[in-house]
Amino acid sequence: MPIPVTVTGVSGRMGQMLVKAVQENPETELVGATDRPGSDWIGRDLGEAMGAAALGLKVEDDPLEAFARSRAVLDFTTPAASVAHAGLAAQARCVHVIGTTGFEAGHLAAFAAAARHATIVRAGNMSLGVNLLASLTERVAKALGEEFDIEVVEMHHKHKVDAPSGTALMLGEAAAQGRGVSLTDAMVSGRDGITGARETGSIGFSAIRGGDVVGEHDVIFAGAGERLILRHVATDRMLFARGAVRAAIWGQEKQPGEYSMADVLGL
Ligand SMILES: NC(=O)C1=CN([C@@H]2O[C@H](COP(=O)(O)OP(=O)(O)OC[C@H]3O[C@@H](n4cnc5c(N)ncnc54)[C@H](OP(=O)(O)O)[C@@H]3O)[C@@H](O)[C@H]2O)C=CC1
Ligand SMILES: O=C(O)C1=N[C@H](C(=O)O)C[C@H](O)C1
């Protein structure tokens, strides 16, 4: 029997990819599609709203109703919506796969509370390549030490609302881990004006926005006389959507707790 899945935020860039990824996977079945209350997609047939053939599935604005008939929820929406969904997914005993980024400490505390009763898989990037890049970053940061300055540079499409990207933060965390420091202490982002010289040991972040770039990340290790650059380039959002479906299937047999994509991929 395929796993019944709800996709939240179906009108979004990722929402529409997630719908396709659930439909193409024989182990999953789309049983729920939600969007923001007030969205003009509410009440419409999902297939028609996406500009394709009717699917016989209406877009809803009551997530609990959709979650109640599901065993997994794929959620790439907004921080506030994902926090609200976490409580409801726990209530409905669904595996909650969260791809949303831009969280603050309060949001993360809400996920930790929900994960006492529910299985949550959360990652700022659901691709195999980026998760491998994070583990390489940790290794290189450990090997090179503080005489190499670490800078994370990312570029995304012009509609992205948060910076640094969730992926950049993952990579920064990996670098900090490799160095045995806390990212909160080492992080420097958004340099402007008379900033003073670069502080040894800091981990810098730069965000570029423009056009339709899906997602590009460089981790630069800049030393004296040499630079090592680790790069990931995403060219298709289906990459993230397929990763999320994989996480939903993987999570079915797991105890309540908060897991990452590295857990899913066994990295
Ligand atoms: N982890 C990963 O691998 C990836 C993560 N992301 C992240 O996913 C998130 C979404 O990205 P993207 O698809 O580009 O953004 P979009 O703005 O295109 O999509 C977000 C969708 O969520 C909807 N939404 C807002 N509030 C609610 C609500 N309360 N209930 C249901 N739906 C709601 C929005 O509706 P409306 O527009 O009407 O407000 C919109 O359709 C971002 O945080 C992004 O960084 C993106 C790609 C990969
Ligand atoms: O908003 C996006 O588009 C993306 N967001 C994620 C992030 O913040 O890192 C993942 C991917 O890079 C695309």
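These numbers come from a predicted model, not from an experiment. Every number for a ligand or one of its atoms is a count from 1 in the order of the listing.
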Ligand 1 contact by Ala123, heavy-atom criterion under 4.0 angstrom: yes

Side chain proximity check, Gln252 to Val95, heavy atoms < 4.5 angstrom: yes

Enumerated ligand 1 atoms positioned under 4.0 Å from heavy atoms of Met14: 13 (O), 46 (C), 47 (C)

Side chain proximity check, Glu147 to Leu144, heavy atoms < 4.5 angstrom: no

Shortest protein contact, atom 28 (C) of ligand 1 (heavy atom only): Ala81 CB, 3.6 Å

Audit row: Phe67, His85, ring-ring contact (aromatic ring centres under 6.0 Å, His included) steps and yes/no: CA-CA 9 Å; Phe67 295 0; His85 292 152; 5.7 Å; yes

Mode of Lys160 contact toward ligand 1 - side chain, backbone, both, neither (heavy atoms, under 4.0 Å): side chain

Residue part near ligand 1, for Pro63, under 4.0 Å between non-hydrogen atoms: neither

Among Asn125, Thr167, Val130, Thr101, closest by any non-hydrogen atom to atom 42 (C) of ligand 1: Thr101

Backbone or side-chain N or O of Ser39 under 3.5 Å from ligand 1 N or O: no

Same apolar cluster: Leu57 and Leu18, side chain cutoff 4.5 Å: yes

Distance-only N or O hit between ligand 1 and Arg13, under 3.5 Å: yes

SB check Glu24 Arg242 (cutoff 4.0 Å): yes

Shortest heavy-atom approach to atom 36 (P) of ligand 1 - which of Met261, Arg36, Met126, Arg122: Arg36

Results of salt bridge (charged side-chain N to carboxylate O under 4.0 Å, His left out) for Arg209 - residues two or more places apart only: Glu154

Atom-level proximity to ligand 2, residues with heavy atom under 4.0 Å: Thr101, Gly124, Asn125, His156, His157, Lys160, Ser165, Gly166, Thr167, Val214, His217, Phe240

Test of proximity, Thr8 against ligand 1: N or O pairs below 3.5 Å: no

Taking atom 34 (C) of ligand 1 as the reference point, the nearest protein heavy atom with its distance: Asp35 OD1, 4.3 Å

Non-neighbouring partners of Lys254 that pass side-chain contact (heavy atoms from CB on, under 4.5 Å), sequence neighbours left out: Thr119, Trp250, Tyr259

For atom 5 (C) of ligand 1, closest protein heavy-atom neighbour: Gly99 O, 2.9 Å

For Gln177, all residues meeting side chain to side chain donor-acceptor pair (under 3.5 Å), sequence neighbours excluded: none

Distance filter under 4.0 Å to Gly124 heavy atoms, resulting ligand 1 atoms: 1 (N), 2 (C), 3 (O)

Closest to atom 22 (O) of ligand 1 among Val214, Thr77, Val59 (heavy-atom distance): Thr77

Backbone or side-chain N or O of Ser11 under 3.5 Å from ligand 1 N or O: yes

N/O donor-acceptor pair under 3.5 Å between Glu258 side chain and Ala115 backbone: no

Pairing of Asp149 and Arg198 as salt bridge, 4.0 angstrom limit: yes

Flag side-chain contact, heavy atom, 4.5 Å: Val97 against Asp75: no

Atom indices of ligand 1, in the order listed, that fall short of 4.0 Å to a heavy atom of Gly9: 21 (C), 22 (O), 23 (C), 31 (C), 32 (N), 41 (O)

Heavy-atom side-chain proximity of Arg44 to Lys58 below 4.5 angstrom: no

Closest protein heavy atom to atom 19 (O) of ligand 1, given as residue, atom name and distance to 0.1 Å: Gly12 CA, 3.3 Å

Which residue and heavy atom of the protein sit nearest atom 25 (C) of ligand 1, plus the separation: Thr78 CG2, 3.8 Å

Euclidean distance, Leu128 CG relative to Leu267 CG, rounded to 0.5 Å: 6.5 Å

Side-chain donor or acceptor of Ser11 paired with backbone N/O of Trp41 under 3.5 Å: no

Check: Met187 and Pro164 side chains under 4.5 Å, non-hydrogen atoms: yes

Which residue and heavy atom of the protein sit nearest atom 4 (C) of ligand 1, plus the separation: Phe76 CE2, 3.4 Å

